[in-house]
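Structure first, then comments.
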Amino acid sequence: MVSLNTKVGLLILPGLNLIMLMLLWEVLVRLFAIPVFILPAPSLILSKMLEQAPILWENSLYTLYQTLAGFVLSVLAGVIVAIAIAWSGYLRNTIYPILLLFQSIPKTAIAPLIILWFGYGDISKIVIAFLVAFFPIVVNTAMGLMDVDDNMLDLVRSLKCDRFQEFQYIRLPNALPALFSGAKVAITLAIIGAVIGEFVGASNGLGYLILLYTSSLQTALVFSCLVILSLQGIVLFYSIEYIEKLALPWSRNENSNKIY
Amino acid sequence: MKIQIRSINLTYRYLCCCMAFKLEDLPVIEVRQVRKVYPSRSRHGQSILAIENITFDVMKGEFVSIVGPSGCGKSTLLRMLAGLLEVTEGEIRVNGKSVCGPYGDIGIVFQTPTLLKWRSVKDNVLLPIEVLRRSRHEFVGRAEELLRMVGLWDFRNEYPFVLSGGMQQRVALCRALIHDPSLLVMDEPFAALDALTREEMNMELLKLWTERRKTIIFITHSISEAILLSDRVIVLSSRPATIDSIFSIDLPRPRTTDMQYLDSFQNYSSMIHERIYLKQRSNI
């Protein structure tokens, strides 16, 4: 019997559950003879997926590219804006309200406009992914930059540090964990942004394929796209978590590592 | 009131005479009629008088403790000494120079270790060197030596989170000493530690002080800690803080923990205790 707390145990149990769920799905679909265009069985989804593998692969790369490009831009711009917000009260008071106003507009609603402005190509999808992912990065990073122990600031200020040093030694490293948790939210949002962009107007990408297959009632292939999208999301999310672990070895669970 | 101030002044002059042959001549810190008023935060709020007319000197190499009821403005005093807070009236001079703004020649130890958790123990100790833009590699040896003195050399490359509270506070002490400041200010540094660790830290601090002869201002709530460590104990009254009395502790050096059981120690203890609590009771 595998102990439930080991890594293997943590992987095996959810895996078994998933397989059971798939089996149940398969059995129910066959038992009630549900039409293929309503709900295809997992086996059918898998076989269609393998059959159309080249097309799915090619289009998923488009989506992945748009997601990542939008995400990277949002991190770059988000960190810069967050630093501006944390730098001075004046900037904070001017930028923040605009940011909140902008955030209150549903990005889905302005997607058609973005397509109108940036065309049907990749750029419009990247812009939408960027817009969706931008906000959590800014908010989290700005919070990390401003939420600093007063004593820490007193300590470096008593040593005549200037504003740049204050950011270099205290605020920026202090904000890294918050930046990463913002990035984990942002990456999942960026995928949504890219897919929305492809829904509204595109000639490739998984969002485009989903629309195409739905209109021709090839539901099994729609499901294949969904599987790939969720796999992309999981892989991207855990990549960021992995990078965080490598980059910030000090911010791992603070209590469990105490050895003295 | 006036009589009391004069008597304090007299004690203070008398003490200066006593100290004159014992310590080097120049006072490191001169606090002159310092007053601190915090302006009101809200429109209808009142401004708060935190410190009223405080005057004292600290000689070079002297160990001075400041005790007083909680919330009496000890931390305000500390921040003013570091140049982090402006005095409303009066003057603070450090090494003869009037303090206006941070001057860098100070080491601070807070109640919490406030180590930067993203830096290794050694890099934490070296932080002041980097902030002061001095050459880091010249001080690496000194950092390691300080860490060895407090018994943490083995942990120099670890992150702070693996250390216990007492160990972290030792690192904070090394960090406060790395740039060889002429003044070391400690704000209830051992208050968060358990009694045993606290005693151990007291002795370690005394050892460091004897070897390096720093001028130390030690803010504490513990009367016995103040007596055990200091040359002089300054008792502050409750807010607004004024100097209630100054006790010169005439116990032999080096001090040991068992001095706490000496009669003279107990005498100091009861006298200081009386000064702090009589005042409070009369307020009630």
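The figures that follow rest on heavy atoms only: side chains count, while hydrogens, waters and symmetry mates do not. In what follows, chains carry the letters A, B, and so on, assigned in the order in which the sequence lines appear, proteins first and then strands, with residues in each chain numbered from 1.
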Exercise. Hey, is CZ on A:F180 packed in by over 12 heavy atoms from elsewhere, all under 6.0 Å?
Worked result: yes
Exercise. Crowded around B:Y103 OH? As in, over 12 foreign heavy atoms under 6.0 Å?
Worked result: yes
For this session: Heavy atoms only: give me the nearest B:Y159-A:P249 pair and the separation to one decimal.
Result: OH-CG, 3.5 Å
Problem set entry | Side chain proximity check, A:N151 to B:Q111, heavy atoms < 4.5 angstrom | no
Seminar exercise, completed: Separation between SG (A:C161) and CZ (B:R133), nearest 0.5 Å, reads 9.0 Å
Seminar exercise, completed: Residue from A:D149, A:L176, A:V156, A:I170 scoring the most non-hydrogen pairs under 4.5 Å with chain B is A:I170
Seminar exercise, completed: So, the part of B:I108 with a heavy atom under 4.5 Å from chain A: the answer is both
Problem set entry | Contacting region of B:L115 [heavy-atom separation from chain A under 4.5 Å] | backbone
Exercise. Got a second to check how far A:S158's OG is from B:L81's CG, nearest 0.5 Å?
Worked result: 11.5 Å
Problem set entry | Value rounded to 0.5 Å, distance of CG in B:L84 from CZ in A:R157 | 8.0 Å
Problem set entry | Euclidean distance, A:D154 CG relative to B:L78 CG, rounded to 0.5 Å | 8.5 Å
Problem set entry | Atom of B:V131, atom of A:Q165 and distance for their closest heavy-atom approach | O-NE2, 2.9 Å
Exercise. Does B:L116 reach the side chain of A:N174, with side-chain heavy atoms less than 4.5 Å apart?
Worked result: no
For this session: Over all heavy atoms of both residues, which pair between B:W118 and A:W250 is shortest? Give the atoms and the distance, please.
Result: CB-CE2, 3.1 Å
For this session: Could you pull out the closest heavy-atom pair between A:L159 and B:I106, with the gap in Å?
Result: CD2-O, 4.0 Å
Problem set entry | Interface moiety of B:S120 toward chain A, non-hydrogen atoms closer than 4.5 Å | neither
Exercise. Going by an N to O cut-off under 4.0 Å, is there a salt bridge joining A:K160 and B:D105?
Worked result: no
